[in-house]
*Asks:* 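Structure incoming, see below.
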Amino acid sequence: MFNLSAPRALTFLVSLVLIGLAVASLYMRIPTIGPTVVKFRTWFFIAAYAMLALGIVTKSL
């Protein structure tokens, strides 16, 4: 049904950075973009998961 493939390295790294920012905002203050990350933390988690899922389903991402 689905033709799954491993995500590209860039897709994986961007997803990892989004998750890292969201988790880091739980335990420490992030100086530059901290308020934005804290305000939209849940969306950072959702965006990271969605990006990784799309990277697995599509070949071009």
*Asks:* Just to verify, which of V38, T36, I33 counts as forming a side chain to side chain contact (heavy atoms under 4.5 Å, CB included) with L21?
*Replies:* I33

*Asks:* I46 and F40: same hydrophobic cluster, using ILVMFWY side-chain contacts below 4.5 Å?
*Replies:* yes

*Asks:* Closest approach of P35 and I30, non-hydrogen atoms and distance?
*Replies:* CD-O, 4.5 Å

*Asks:* Other residues, nucleotides and ligands only: do more than 12 of their heavy atoms fall within 6.0 Å of CZ on F45?
*Replies:* yes

*Asks:* Are V17 and W43 linked, directly or through other ILVMFWY residues, by side chains that come within less than 4.5 angstrom of each other?
*Replies:* yes

*Asks:* Do you know the tightest heavy-atom contact between T58 and S5?
*Replies:* O-OG, 4.1 Å

*Asks:* Roughly how far apart are N3 CG and K59 NZ, rounded to 0.5 Å?
*Replies:* 5.0 Å

*Asks:* Could you grab the distance from atom CE of M51 to atom CG of L10, nearest 0.5 Å is fine?
*Replies:* 8.5 Å

*Asks:* Check A48 against L18 and note the closest heavy-atom contact, atom names and distance.
*Replies:* CB-CB, 3.8 Å

*Asks:* With sequence neighbours excluded, what pairs up with R8 under the side-chain hydrogen bond (donor to acceptor under 3.5 Å, both in side chains) test?
*Replies:* none

*Asks:* Going only through I, L, V, M, F, W and Y residues with side-chain contacts under 4.5 Å, is there a path from L16 to V37?
*Replies:* no

